[in-house]
Each structure stands twice: as structure tokens, then as C-alpha cells.
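Have a look at the structure below before the remarks.
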Amino acid sequence: LRVRERAVLPASVRSDLDNDLTAPAEIECMSQPRILMLGPPGAGKGTQSANLADEYDVSHITTGDALRANKDMDISDMDTEYDTPREYMEAGDLVPDAVVNAIVDEALSSADGFVLDGYPRNPEQADELEDMTDLDVVLSLEVSRDELVARRTGRRVCDDCGTNYHVEFDQPEVEGVCDGCGGDLVQREDDNEESVRNRLNVFDENTQPVIDGYENHDGYVAIDGERTPDEVWADIRSAVEEHAE
Ligand code: ADP
Ligand code: ADP
Ligand code: ZN
């Protein structure tokens, strides 16, 4: 199983080189938190995880992006129903555990601090993660059904760097063009109504029980994800400051 590295480890491989030795003490003792970001599809996990990766200089590990960059990799040796992740993703079904577990395992092994987004999505993956690492902060973004649908149908994603936008709630300076890199903003193939509906069912059946299971974790914080991106970010930052050391 081969995974393109850039997709698994965007922005922050540079951490060590960039660390300023004269940085204020509070930044030093806050360094490298291990953060899990939970929530339904469209809740804002990707958007807020990008903020966390910037602010705390940790790796943003996201199984959705890693899989999109490797949609056609050959997984036939893993005894799966389909030969590539593509078929599962287009239908909004879960890609087999063996594939995503391997992606996360590899990404975690080269990360100190991280924000993990899009995994675990079922209780088996949660068990697997428990064997791989401890977590300092477990964030659960809570957003109502109606709002989720509006967010997803308006989501646009940069073709090049993966930054999220929204046609109404988070517009770029120039329509259709990424502020950061000038790439084209496109609609994801699986942001169509049928796939979206299936993803919500998959979430209810498989992922909600995972979130319930984390409620007793010491670092668990439920976040009201229905407010503006800036308001949500302020709460997330407080939660991390409180739980990471
Ligand atoms: P969203 O942003 O809508 O929550 P993602 O980008 O996280 O969706 O994931 C897109 C697709 O990739 C999912 O519908 C699923 O097919 C696959 N996928 C992502 N993460 C996992 C995972 N942990 N386990 C199984 N499949 C996954
Ligand atoms: P997820 O990774 O959980 O699937 P995203 O971060 O991709 O969610 O967000 C889904 C869509 O909603 C994107 O178009 C994003 O720009 C938009 N969005 C994110 N956070 C908010 C918010 N607090 N209010 C309104 N729209 C938001
Ligand atoms: Zn871009």
C-alpha cells in the first residue's frame, strides 16, 4: 500500500526547522498537542483543523484528503470488495478499515503533535487508534442536520491546495479562485445529494457511537459548531489551551 506523502502530511513537516528558539515560554510548553477532531460530514472539521495546524504547528492528518489524493491506488491485495477507494468514496460509503488504518498509522508515526480529522469513523477504527497513540484533546463539533446540508451543497474546495470555501459563508476574494494559491475552486464529486444523504446515514450508524464513546475522555470538549467560523475557532482554541500541556 503506497500513500502519497504530501496528502497525508500537508503544511507542517517543517516544524523543527522553523522553531524559533527565542519563542515565548507559553508557546514552548503548549507545543505539539495531540488533537482529535470529531463531527458529522460538513461540520467544519477541515476548516477548523487547518486553523489548529497553523496555530500550533502540528500535522493535519485527514483521511478524506489522503484518500482523495490516492483514489485509484490498488487495494486489491487487501481482500476488499472493490479494487480502489474510488467506488466507496463516490457512493459515500466507508473505505475498508485496513486501508484507512494503514494511512493513519503511517502519518502518526512521523508526527509529534497532530490534529486528526475524519478518523476514526467506526468503533473498530477507534480501537485501532487507541493502540496507536494517546490524545490530549478530543473536540466534538456539533451542528444541526439542516445546517449541515446547506454547508455541504455550498462547499467549494481548492483544486491545488485543498482549502475549503463556501459560496455564501466563506467566500474567496475573487469568485472561483483560491485566495492562498490562485487555484480553481471546484465542487467535490461526492457533494451531490445522494452521496451526502448516504454519508449522513453512515455517520449516524457508524460514527455517532464513536463520538459517544469519547464522552468520558479527560480531554473531551463539545463545541457548538453552528456559529461563525471565527466564533467556533475561539472556543476551539480555549479548549486546546485548557487541555494540552
Ligand atoms: P466529509 O468532509 O464530507 O466529512 P471526508 O473528506 O472526510 O468527508 O471523506 C470523504 C470520503 O472518504 C468518505 O465519504 C469515505 O468514503 C472516505 N473516508 C474518509 N475517512 C474515512 C475513514 N476514516 N474510514 C473510511 N472511509 C473514510
Ligand atoms: P468537514 O471537514 O467537517 O466535512 P468543512 O470544513 O469542509 O467540513 O466545512 C463544510 C463547508 O462549510 C465548507 O464549505 C466550509 O467553508 C463551510 N463552513 C465551515 N465552518 C463553517 C461555519 N462555522 N459556518 C458556516 N460555514 C462553515
Ligand atoms: Zn489553493
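Residue numbers run from 1 in the order of the sequence given. Atoms within a ligand are numbered from 1 in the order they appear, just like the ligands themselves.
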Closest protein heavy atom (residue, atom, distance) for [atom]:
atom: atom 26 (N) of ligand 1; answer: V95 N, 3.0 Å
atom: atom 11 (C) of ligand 1; answer: M89 CE, 4.0 Å
atom: atom 15 (C) of ligand 1; answer: D93 O, 3.5 Å
atom: atom 2 (O) of ligand 2; answer: G46 N, 2.8 Å
atom: atom 7 (O) of ligand 2; answer: R155 NH1, 2.6 Å
atom: atom 27 (C) of ligand 1; answer: L67 CD1, 3.7 Å
atom: atom 18 (N) of ligand 2; answer: R151 CD, 4.1 Å
atom: atom 9 (O) of ligand 1; answer: R121 NH2, 3.5 Å
atom: atom 19 (C) of ligand 2; answer: T47 OG1, 3.6 Å
atom: atom 10 (C) of ligand 2; answer: G42 O, 3.7 Å
atom: atom 13 (C) of ligand 2; answer: Y165 O, 3.7 Å
atom: atom 14 (O) of ligand 1; answer: R199 CD, 3.5 Å

### Task
Compare every heavy atom of V240 with every heavy atom of L52, then report the nearest pair and how far apart it is.
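Between these two residues, the closest heavy atoms are CD2-CG2, 3.9 Å.
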
### Task
Determine the minimum heavy-atom distance between P85 and N70, stating which atoms define it.
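That would be CG-O, 3.7 Å.
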
### Task
Count the heavy atoms belonging to other residues, nucleotides or ligands that lie under 6.0 Å from CG of D72, then report whether that count exceeds 12.
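Correct, the count exceeds 12.
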
### Message
Using a 6.0 Å cut-off, check whether atom CD of Q208 has over 12 heavy atoms from anything other than its own residue.
### Response
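Yes.
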
Rounded to the nearest 0.5 Å, what separation is found between the [atom1] atom of [X] and the [atom2] atom of [Y]?
X: D179; Y: C161; atom1: CG; atom2: SG; result: 9.5 Å
X: R34; Y: L116; atom1: CZ; atom2: CG; result: 12.5 Å
X: E175; Y: Y165; atom1: CD; atom2: OH; result: 13.5 Å

Is [X] in polar range of ligand 2, meaning some N or O pair under 3.5 Å apart?
X: R156; result: no
X: A43; result: yes
X: R227; result: yes
X: G44; result: yes
X: P41; result: no

[X] neighbourhood, listing ligand 1 atoms whose heavy-atom distance to it stays under 4.0 Å:
X: Y119; answer: 23 (N)
X: R68; answer: 6 (O), 10 (C)
X: G64; answer: 5 (P), 6 (O), 7 (O), 9 (O), 19 (C)
X: Q125; answer: 22 (C), 23 (N), 24 (N), 25 (C)
X: K45; answer: 4 (O)
X: T63; answer: 19 (C), 20 (N), 21 (C), 23 (N)

Any side-chain to backbone donor/acceptor pair from [X] onto [Y]? Under 3.5 Å, distance only.
X: K45; Y: M37; result: no
X: D159; Y: V186; result: no
X: E55; Y: N51; result: no
X: E231; Y: T228; result: yes
X: H166; Y: A150; result: yes

### Task
Could you tell me whether L94 approaches ligand 1 through its side chain, its backbone, both or neither, with non-hydrogen atoms closer than 4.0 Å?
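The answer is both, backbone and side chain.
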
### Task
List the steps, then state whether side-chain contact (heavy atoms from CB on, under 4.5 Å) holds for Y119 with N101.
CA-CA 9 Å; Y119 179 99; N101 291 341; 2.7 Å; yes

### Message
I need the atoms of ligand 2 closer than 4.0 Å to a non-hydrogen atom of F169, numbered in the order shown.
### Response
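That gives atoms 25 (C), 26 (N) of ligand 2.
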
### Message
Only heavy atoms of N164, strictly under 4.0 Å: list the atoms of ligand 2 that pass.
### Response
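So the atoms of ligand 2 that pass are 5 (P), 6 (O), 7 (O).
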
### Query
Angle subtended at the Zn ion (ligand 3) by SG of C181 and SG of C178, to 10 degrees?
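SG of C181 and SG of C178 make an angle of 110° at the Zn ion (ligand 3), to the nearest 10°.
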
### Task
To the nearest 10 degrees, could you say what angle the Zn ion (ligand 3) makes with SG of C161 and SG of C158?
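Rounded to 10°, it measures 110°.
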
### Query
Where on T228 is there a heavy atom closer than 4.0 Å to ligand 2, on the side chain, on the backbone, on both, or on neither?
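It is the backbone that gets close, since no side chain atom is under 4.0 Å.
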
#### Entry: Part of P40 within contact of ligand 2 (heavy atoms, under 4.0 Å)
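Backbone only.
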
### Task
Would you indicate whether the side-chain heavy atoms of D170 and N164 approach each other to under 4.5 Å?
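The answer is no; the side chains never approach within 4.5 Å.
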
### Query
Any salt bridge between D191 and R199, counting N to O under 4.0 Å?
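Salt bridge: yes.
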
### Message
Under a 4.0 Å threshold between the charged nitrogen and the carboxylate oxygen, would R197 count as salt-bridged to E193?
### Response
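A salt bridge is present here (some side-chain N lies under 4.0 Å from a carboxylate O).
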
### Query
Under 4.0 angstrom from ligand 2, any heavy atom of E226?
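It does not; every heavy atom stays at 4.0 Å or beyond.
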
### Message
With a 4.5 Å cut-off on side-chain heavy-atom distances among I, L, V, M, F, W and Y, is there a chain of contacts connecting L200 to L141?
### Response
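No; L141 is not reachable from L200 via cluster members.
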
